[in-house]
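Report on the following structure.
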Amino acid sequence: MVYDEAVLAKLTSATTATLTTVLFKKGIRNVWIRGSTPLAAGQPRIAGPAFTMRFISGREDINTPAAWSSPTSTRAAVESMPSGCIAIADALGRTDAGIFGDILCARMRARGVKGLISDGVVRDRVGVISSELPVWCSGIAAPPAVAQLAFVGWDQPISCGGVAIFPGDVIVADDDGAIVIPVTMVEEVAEIAAEQELMEAWILQEVQGGQPLTGLYPMSQENEERYRRALQAR
């Protein structure tokens, strides 16, 4: 799924806090991916279409070193990732096996992948951070994924962090974590979120100037008229 860069720019300019509020008002509540937090401080906010990956619980007959060379492997998945996507992996919330390390993250970065999101963990922390691929996950573990998990495919519906994600849905991630926006709502949510960011910036300015919250957040008709006049005067 390819999105207009202007739409993605609007989403990137909005916080995940704003976006979840917009989605809540639209009746969509379960969008915040549990167990997925920034691996490093200072990561940029990112927005892009989801490239989904799925792990299942491992089993001794399939969890062998040969899995690394399988046609259905994380290596093959990485080589299928389009530039501009955000890789998102359902790792069952397991925290005892790192699903990706420094080499795969470096390759993802080279392919133009915007970031990696997972409810699992990564390994080679220093190397992953050095790859400059922004990562949101549940932490770090030294063992490889094949020690506990089996990779079974990509570009299919998954459940990551308790959230349903379909290929083409848009992922937005920042310091508050990662969220999903359903593919059918992306453009509408981008427009509303951009407007809400402007409104909340004005409200914050008013609060910092000593205005009380009553009638301001949410806005009364009088304050909304003041806000509209302020926009026109810009």
Side-chain angles (χ1 to χ4, degrees), residues 1-39 42-55 77 80-93 99-100 108-109 111-120 133-138 153-201 203-204 218:
M1 186 74 181
V2 178
Y3 288 96
D4 188 296
E5 286 300 318
V7 172
L8 295 179
K10 287 179 181 178
L11 293 174
T12 306
S13 69
T15 66
T16 55
T18 292
L19 292 167
T20 55
T21 299
V22 172
L23 288 163
F24 175 79
K25 290 177 180 178
K26 292 292 180 182
I28 308 297
R29 295 171 173 80
N30 188 30
V31 297
W32 184 72
I33 299 165
R34 300 158 187 82
S36 187
T37 58
L39 177 64
Q43 294 185 162
R45 184 180 299 126
I46 58 173
F51 181 93
T52 59
M53 296 176 286
R54 187 164 70 94
F55 290 83
S80 297
M81 294 176 182
S83 177
C85 77
I86 295 178
I88 180 161
D90 169 15
L92 306 177
I99 60 168
F100 287 101
M108 291 161 67
R109 177 72 172 176
R111 289 187 61 82
V113 175
K114 288 184 176 180
L116 169 65
I117 313 293
S118 182
D119 57 359
L133 179 75
V135 174
W136 283 256
C137 63
S138 288
W154 63 88
D155 202 28
Q156 56 189 261
I158 61 171
S159 177
C160 184
V163 176
I165 300 164
F166 291 81
D169 286 347
V170 165
I171 305 297
V172 183
D174 61 15
D175 286 342
D176 286 349
I179 68 162
V180 61
I181 302 174
V183 62
T184 57
M185 304 178 70
V186 171
E187 293 187 7
E188 179 185 17
V189 168
E191 287 293 332
I192 295 172
E195 292 175 6
Q196 184 163 324
E197 287 286 351
L198 286 174
M199 182 182 295
E200 292 196 357
I203 290 171
L204 180 59

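Just so it is clear, the values below take in all heavy atoms, side chains as well, and ignore hydrogens, waters and symmetry mates.
The shortest heavy-atom contact between P167 and T52 is CG-OG1, 3.7 Å. Across all their heavy atoms, S80 and F51 have their closest contact at O-CE1, 3.6 Å. Across all non-hydrogen atoms, the minimal contact from S36 to I117 is OG-CG2, 3.3 Å. What you find for A164 and V180 is that their closest heavy atoms are O-CG1, 4.1 Å. Among all heavy-atom pairs drawn from R34 and G161, the shortest one is NH1-O, 2.9 Å. Counting all heavy atoms, side chain and backbone alike, I165 lies closest to A50 at CG2-CB, 4.0 Å.
In this structure, the side chain of D169 does not engage the main chain of P182 through any donor-acceptor pair within 3.5 Å. In terms of modelled atom types and a separation under 3.5 Å, the side chain of K114 and the main chain of A47 share a donor-acceptor contact. Judged by distance alone, with hydrogens and angles left aside, the side-chain atoms of D119 form no donor-acceptor pair with the main-chain N or O of G162 at under 3.5 Å. In this structure, the side chain of S118 engages the main chain of A89 through a donor-acceptor pair within 3.5 Å.
Distance CE/M81 to CG/L116: 7.5 Å, rounded to 0.5 Å. T18 OG1 to I192 CD1: the interatomic distance, rounded to the nearest 0.5 Å, is 12.0 Å. In this structure, I203 CD1 and Q196 CD are separated by 8.5 Å, a value rounded to the nearest 0.5 Å. Put simply, CE on M185 and CG on L19 are 11.0 Å apart, with the number rounded to the nearest 0.5 Å. Interatomic distance, OG1 of T20 versus NZ of K25, reported as 10.5 Å (0.5 Å rounding). The CZ atom of R54 lies 13.0 Å from the SG atom of C160; values are rounded to the nearest 0.5 Å.
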**Q.** CA sep, side-chain torsions, deciding dist, call: V189, V170, side chain to side chain contact (heavy atoms under 4.5 Å, CB included)
**A.** CA-CA 11 Å; V189 168; V170 165; over 6 Å; no

Q) Can E197 and T15 be said to form a side chain to side chain contact (heavy atoms under 4.5 Å, CB included), step by step? A) CA-CA 8 Å; E197 287 286 351; T15 66; 3.5 Å; yes

Q: Could you please spell out the steps behind the side chain to side chain contact (heavy atoms under 4.5 Å, CB included) verdict for W136 and I171?
A: CA-CA 12 Å; W136 283 256; I171 305 297; over 6 Å; no

(Q) Show, in sequence, the C-alpha distance, side-chain angles and deciding distance for C85 and V113, and conclude whether the side chain to side chain contact (heavy atoms under 4.5 Å, CB included) test is met. (A) CA-CA 5 Å; C85 77; V113 175; 4.0 Å; yes

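Summarising the local packing, CD of E187 is surrounded by 12 or fewer heavy atoms from other residues, nucleotides or ligands at distances under 6.0 Å.
When the options D175, D176, V172, T16 are evaluated for a side chain to side chain contact (heavy atoms under 4.5 Å, CB included) with R45, the one that passes is V172.
Using cut-offs of 30° and 60° on the angle between ring planes, the pair F100 and F55 is perpendicular.
Side-chain contact between I181 and V31: absent, with no pair of heavy atoms (C-beta onward) separated by less than 4.5 Å.
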